[in-house]
Amino acid sequence: MAESLIFPPEFVFGVATSAYQTEGDIENDWSEWERAGKLKEAQARCGRGVDHWKRFDEDLSLTRDVGATAFRISLEWARIEPERGRFDEAAIDGYRQRLLKMKAAGIRPVVTLHHFTHPTWFHRETPWHEPACLDAFRRYAKVCAGIMDKLDPLVITFNEPMVLMLGGYLQGVIPPGVNNGKLAGLAIANIARAHMVAREEILARLGKAEIGISQNVLAFAPDRWWHPLDRALTHLASQNYNHAFLDALCTGKLRIGMPGLAAIKADLPGRDGIEFVGVNYYTRAHLRFVPKKPYIEFKYRDVHKRGLTHIGWEDYPEGFGQMLLEVKRYGLPVWITENGIDDRVGDRRPGYLYSHWKQMLEAKQRGVDLRGYLYWSLLDNFEWLEGWGPRFGLYHVDFKTLERKPTPACEYFRRAAHSRKLEAPVALATL
Ligand code: IFM
């Protein structure tokens, strides 16, 4: 099948980043979290990031150099509204200028409003589990709409809301560090409502827009294929983690149910709230039932002996194809808003791209309405709790000098973006 696989002319190749992970010098809930010593390495700090705020022009050229025609960035709420109700005109203009430069360079802006981080006042004054969060997000979204006006962006309101809910409100391992099932339920329902509210503001200003979210999807599998409880868990996890939030935005009803763990039922003020499904796919997770709370053991297994990636995730392109066929059920265009590999040497990334693109194009042949692929990430950057260890970048960044250098995947990506053919990468000598 692979020989005949081509990327149609209208299919978009792009790259993705987020503000906090790259821009540098941002004061928000994550910088507070870091100072409290909550990262894997207690001393690690995001600090100057990879200086993307100041090096935007250079990074935009790097984006063009790999043949990308879409660039996903996020707007940093903490920069835009550093104090509640005080909006920073310089930051707003800075973002507007960036989007204008993208347009001038023939690159479509893909704009995320919320990518995990919050201004420092947010959790104290209008946290996600309180209704006041909706007005706060509405005001912010209105400003974001102004930044994006007339630039035909692809808009992502929230990046990986389920990750925020699980990590921030259930396990308490990322900000705001809450560990409370009831508050988690209120928070995720309000995040879904906040999407709807932001959507209203964006449509009011832009008239027409393509608006969605980025959904982190995991290809779940039972740890013991024969075990009924592992299989039941797999089924429930897939529905709750991969689909419940998207279902809510489409139907207006949020339903999350894990017996003994969570029962969330909430209604949204409307339905049909997305124009596209944004998929972030990285790996597969095996689930095993254990007879004590939280009843789930979660692991990455190297089933096919391809070698776990450096961050410890299974390299499982087949799961990508499977997830794409699953999201076909929404009957909406699909954008891959993230996919990538932590490859600290640089020799595995072309093969990873090839195997994942093959799955993607086969899914397209099977009727998935795929519009574009955004590689995570343009640059090596700050990987949250993992700090500065992982390297997802198409471009290698020297974290001391901040010099950017192409990895072998740049050439591979560029060739595919130009030739529109899926070709296996030539074997790479070890770097
Ligand atoms: O770096 C993150 C990104 O911020 C959200 N999606 C997953 C990436 C890799 O972990």
Side-chain angles (χ1 to χ4, degrees), residues 14-24 26 28-31 33-34 39-40 44-46 49-50 52 59 71-78 110-118 156-168 171 173-175 191 212-219 241-242 245-246 277-285 298 300 308-316 319-320 323 335-344 348-349 352-353 356 373-397 399 407 409:
V15 289
T17 57
S18 90
Y20 189 64
Q21 293 175 272
T22 58
E23 284 180 0
I26 294 171
N28 62 17
D29 58 342
W30 265 87
S31 55
W33 194 250
E34 290 155 32
L39 304 192
K40 225 174 176 180
R45 301 283 181 273
C46 179
V50 289
H52 174 63
D59 294 341
F71 187 10
R72 178 177 173 208
I73 64 164
S74 71
L75 306 180
E76 179 64 38
W77 192 355
V110 180
V111 183
T112 312
L113 271 54
H114 184 282
H115 195 118
F116 293 154
T117 57
H118 306 83
I156 295 165
T157 54
F158 285 91
N159 179 70
E160 301 180 351
M162 292 302 287
V163 173
L164 176 64
M165 193 267 264
L166 288 172
Q171 299 165 333
V173 294
I174 61 172
I191 291 171
I213 60 150
S214 282
Q215 175 70 26
N216 183 284
V217 294
L218 281 161
Y241 185 82
N242 293 335
F245 197 85
L246 287 169
V277 176
V279 170
N280 292 1
Y281 175 82
Y282 290 90
T283 190
R284 162 164 76 172
F298 179 104
Y300 300 113
L308 294 178
T309 65
H310 286 132
I311 204 168
W313 299 345
E314 183 181 7
D315 180 356
Y316 190 59
F320 191 27
M323 289 298 109
W335 280 81
I336 311 308
T337 46
E338 287 181 26
N339 173 242
I341 179 172
D342 168 21
D343 175 8
R344 300 181 198 182
R348 276 182 80 170
R349 193 168 291 108
Y352 180 94
L353 287 176
H356 285 73
Y373 173 95
L374 310 180
Y375 179 78
W376 182 272
S377 178
L378 171 68
L379 304 163
D380 290 336
N381 59 49
F382 174 77
E383 178 58 26
W384 308 113
L385 294 175
E386 301 284 327
W388 292 103
R391 289 188 174 274
F392 282 91
L394 273 183
Y395 287 89
H396 175 278
V397 179
F399 294 138
T407 68

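Each residue takes its place number in the sequence, starting with 1. Order of appearance sets the numbers: ligands from 1, and atoms from 1 within every ligand.
- Polar contact check, S18 against ligand 1: no nitrogen or oxygen pair lies under 3.5 Å apart.
- For the side chain to side chain donor-acceptor pair (under 3.5 Å) test with N216, the passing option among Y281, Y282, Y241 is Y241; the others fail.
- Ion pairing between R45 and E34 fails under the 4.0 Å rule for side-chain N and carboxylate O.
- Taking distance alone, with nitrogen or oxygen atoms compared against 3.5 Å, E383 approaches ligand 1 more closely than that limit.
- Remark: ligand 1 and Q21 share an N or O pair separated by less than 3.5 Å (distance only, no angle test).
- Side-chain contact annotation: Y352 with N339, donor-acceptor N/O pair under 3.5 Å present.
- Atom CZ of F245 is separated from atom CE of M162 by 8.5 Å, given to the nearest 0.5 angstrom.
- For ligand 1, the polar-atom distance check against E160 finds a nitrogen or oxygen pair separated by under 3.5 Å.
- Taking only non-hydrogen atoms, the option from Y281, Y282, W313 nearest to atom 8 (C) of ligand 1 is Y282.
- Contact annotation: for N159 versus ligand 1, heavy atoms closer than 4.0 Å belong to the side chain alone.
- A cation-pi arrangement is absent between R72 and Y375, since the terminal nitrogen or guanidinium carbon is not both under 6.0 Å from the aromatic centre and inside a 45° cone about the axis.
- Q21 and S18 are linked by a side-chain donor-acceptor pair at a separation below 3.5 angstrom, with hydrogens and angles left out of the test.
- Looking from atom 6 (N) of ligand 1 to the surrounding protein, the closest heavy atom is E338 OE1, 2.5 Å.
- Ligand 1 lies within reach of H115, whose nearest heavy atom is under 4.0 Å from it.
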